[in-house]
Each structure stands twice: as C-alpha cells, then as structure tokens.
Amino acid sequence: MDTSLTLLAQNLSAHSPSHLRRLEFLVNTSPLVLYTCEAGGDFRATFVSEGVKALWGYEREEFLADSKFWVDRLHPDDVARVFAGLEHLTHADEHCHEYRFRNKSGEYRWVRDELRLLRDPAGNALEIVGHCFDITERKLAEAALRESEARLQLIFNGTSDLQILFRVAPANGFITETINRAVIENFHSSTGKDMRDFLGRPFEELLTATGLTPEQIEHPRAPYLRAI
C-alpha cells in the first residue's frame, strides 16, 4: 500500500486534477483508516480518511476539531501502554500496537494501529502517518480460546487419573509434552524426582527414571507405536 501511494503521489501535479481525485478516491474508500497526526503532545490528528465513520461512527471533522479527541476515547487501561508505544516510535520510526477505542455508540472496539514517523533531511520529526483497522472479532476469538484452554487445563489437573500427553517425534519416538498434577505427585512419591524435569524430553528417559530396564521400557511403548 505504501509503495503504491508513493508512486501515485509522485505523479501528482497542480495540472493533473484527475490524479488528485484518484488519490482521494483510493484513500477514502480504503477499508483501512488512513491518518496523519502530530509527532508529539497529544498526537493531534491532522488528517483522517472518511473510513473512520465506518470504523467508529465518527465524522472526520470531529477528529480534526478536537486535539484530544483520540486520546479521550482510548480505553483507560490501554492509555499508558499506547503512549509508551508512541514514545518508542520516536526512536524506532515504526511501531504497531493494539488497543481499545470507544466508538460513537459508546462501545469499545479493538484496533490494530500501524504507524511510521516521517523526518526531514536533518532528522527532525515531521509527523506520524499510519493506518488502523478493527480486530475485535479476532480478539474475542483469542479470548474464547484462552478460556477454553484454561477450562481444559482445570479438568486435566483436577482429575485423579494419571494423564500424560506425548508428541510424536521422528523415528517413532515420543516427546513428553504435558503431564497432569496426579502424575507429578505419583511420580514424586515413587521415585523422589520431579517429573516436570522430563518435559520436552524423550519418553524413554522418563521411563528409565522409574528404574525400568530397556526390555521393560519397550512394553509400555508398544501401544503408542501401534497408534501412530
């Protein structure tokens, strides 16, 4: 996107109104909200594309008329982190962050915001340019997944059944991935060892730690080998 707009802008001139109309059409019909803002203070918006109405329900003029319009609508829990990211931008020249923003109806929506700091030839900050888009559905899906994983983990560790999850490795090997609390306690009481030390290591090492001989180890491995 940046490269295409740059090439297009290079073709603009005062004698080419059609080019100006084309650029305006591309900017204002983009599914992204394109903007420029000051490179400091309250980061006041100096330009916002018309897509902001579809994204948040606001008119462009509302952003431009109030220097604190954007700041005042950030979620209170995100303000410090967002401004820390903007401080990082002044050193790195590029930054991307995600935060919640209050839309016209009063609902907070998640936004992904990608920014770049423009400088003059002397290295002085001129302005920030960027684009943002809604990621609320993705955030809700991620939260639902975390909740589901937490629920499964609670069940996994809440049962008295001994449960171990393995990952199949090359050459018919098995890597210990996850063990539940019941296994950890049982293993410690019988061997005096912490079974968590064997996470990420071959299943054979775990079996060897129980005192089994190589021949005895092959017996518990057999059902797993038949399953792959």
Side-chain angles (χ1 to χ4, degrees), residues 1-14 16-120 123-143:
M1 182 193 67
D2 178 66
T3 301
S4 299
L5 288 178
T6 299
L7 292 175
L8 182 58
Q10 290 172 353
N11 293 328
L12 296 178
S13 73
S16 303
S18 64
H19 288 169
L20 290 170
R21 287 195 297 272
R22 180 167 46 155
L23 179 61
E24 183 178 12
F25 175 81
L26 290 172
V27 168
N28 286 324
T29 57
S30 170
L32 307 175
V33 172
L34 309 178
Y35 64 88
T36 62
C37 64
E38 295 179 348
D42 292 322
F43 299 91
R44 181 180 67 86
T46 53
F47 168 80
V48 181
S49 65
E50 291 181 0
V52 75
K53 186 169 185 178
L55 183 66
W56 291 319
Y58 297 113
E59 301 293 339
R60 295 171 55 198
E61 292 71 19
E62 294 181 85
F63 271 84
L64 302 175
D66 182 356
S67 63
K68 293 187 176 183
F69 192 87
W70 174 75
V71 175
D72 288 345
R73 284 157 181 77
L74 289 175
H75 192 287
D77 293 343
D78 296 339
V79 171
R81 177 173 52 81
V82 167
F83 273 83
L86 292 173
E87 178 64 26
H88 171 75
L89 175 68
T90 63
H91 304 292
D93 288 358
E94 292 185 8
H95 183 64
C96 175
H97 51 191
E98 299 175 354
Y99 54 84
R100 288 159 290 182
F101 190 86
R102 190 173 72 249
N103 64 13
K104 187 81 169 183
S105 65
E107 176 190 10
Y108 280 103
R109 302 286 294 180
W110 276 100
V111 180
R112 180 176 176 85
D113 199 349
E114 301 183 7
L115 316 90
R116 178 176 297 179
L117 179 65
L118 301 184
R119 299 181 183 274
D120 64 19
N124 300 310
L126 290 176
E127 66 177 352
I128 294 171
V129 299
H131 65 270
C132 57
F133 52 95
D134 190 284
I135 58 168
T136 303
E137 297 308 316
R138 192 199 85 193
K139 285 290 188 178
L140 291 175
E142 290 174 350

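Along the sequence shown, the residues carry numbers beginning at 1. Hydrogens, waters and symmetry mates are skipped; everything else that's a heavy atom, side chains included, is used.
- At a threshold of 4.5 Å between non-hydrogen side-chain atoms, the residues H75 and R102 do not count as touching.
- No side-chain heavy atom of C37 sits under 4.5 Å from any side-chain heavy atom of F63.
- Ring centers of F69 and Y58: under 6.0 Å apart, within the cut-off.
- Here the closest heavy-atom approach between residue L64 and residue A45 is recorded as CD2-O, 3.6 Å.
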Practice task
Evaluate the side chain to side chain contact (heavy atoms under 4.5 Å, CB included) criterion for residues V52 and Y35: first the C-alpha distance (whole Å), next the side-chain angles of each, then the deciding distance (0.1 Å), finally the verdict.
Solution key: CA-CA 9 Å; V52 75; Y35 64 88; over 6 Å; no

Practice task
Kindly indicate, with the supporting measurements, whether the criterion side chain to side chain contact (heavy atoms under 4.5 Å, CB included) is fulfilled by W110 and E137.
Solution key: CA-CA 8 Å; W110 276 100; E137 297 308 316; over 6 Å; no

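- The distance from the CD1 atom of I135 to the CD atom of E142 is 7.5 Å, given to the nearest 0.5 Å.
- Taking the side chain as every heavy atom from C-beta outward, E62 and K104 approach each other to under 4.5 Å.
- To the nearest 0.5 angstrom, E87 atom CD is 11.0 Å from H95 atom NE2.
- Counting heavy atoms from C-beta on, the side chains of H131 and R112 never come closer than 4.5 Å.
- Nearest heavy atom pair, residue R100 against residue D77, reads NH2-CB, 3.7 Å.
- The salt bridge (Lys or Arg N to Asp or Glu O under 4.0 Å) contacts involving residues 32-49 comprise E38-R44, where partners must be two or more places apart or lie in separate chains.
- When atom types are taken as modelled, the side chain of R60 and the backbone of V48 share a donor-acceptor pair closer than 3.5 angstrom.
- Shown are L32, V33, L115; of these, the side chain to side chain contact (heavy atoms under 4.5 Å, CB included) with C132 is made only by V33.
- No more than 12 heavy atoms of other residues, nucleotides or ligands lie within 6.0 Å of NZ in K53, so this atom counts as exposed by the packing criterion.
- Scanning both residues, T90 and R119, for their nearest heavy atoms gives O-NH2, 2.7 Å.
- Contact annotation: the side chain of F83 approaches that of V71 to within less than 4.5 Å [non-hydrogen atoms, C-beta and beyond].
- Side-chain contact check for E98 versus D78: every heavy-atom pair is 4.5 Å or farther apart.
- Between D113 atom CG and L86 atom CG the span is 8.0 Å, to the nearest 0.5 Å.
- V82 places none of its side-chain heavy atoms less than 4.5 Å from the side chain of F101.
- Summarising the geometry, atom CZ belonging to R73 is positioned 12.5 Å from atom NZ belonging to K68; distances are rounded to the nearest 0.5 Å.
- From D93, atom CG reaches atom CD1 of I128 across 10.0 Å, with rounding to the nearest 0.5 Å.
- How far CZ of R109 is from CG of N103: 7.0 Å, rounded to the nearest 0.5 Å.
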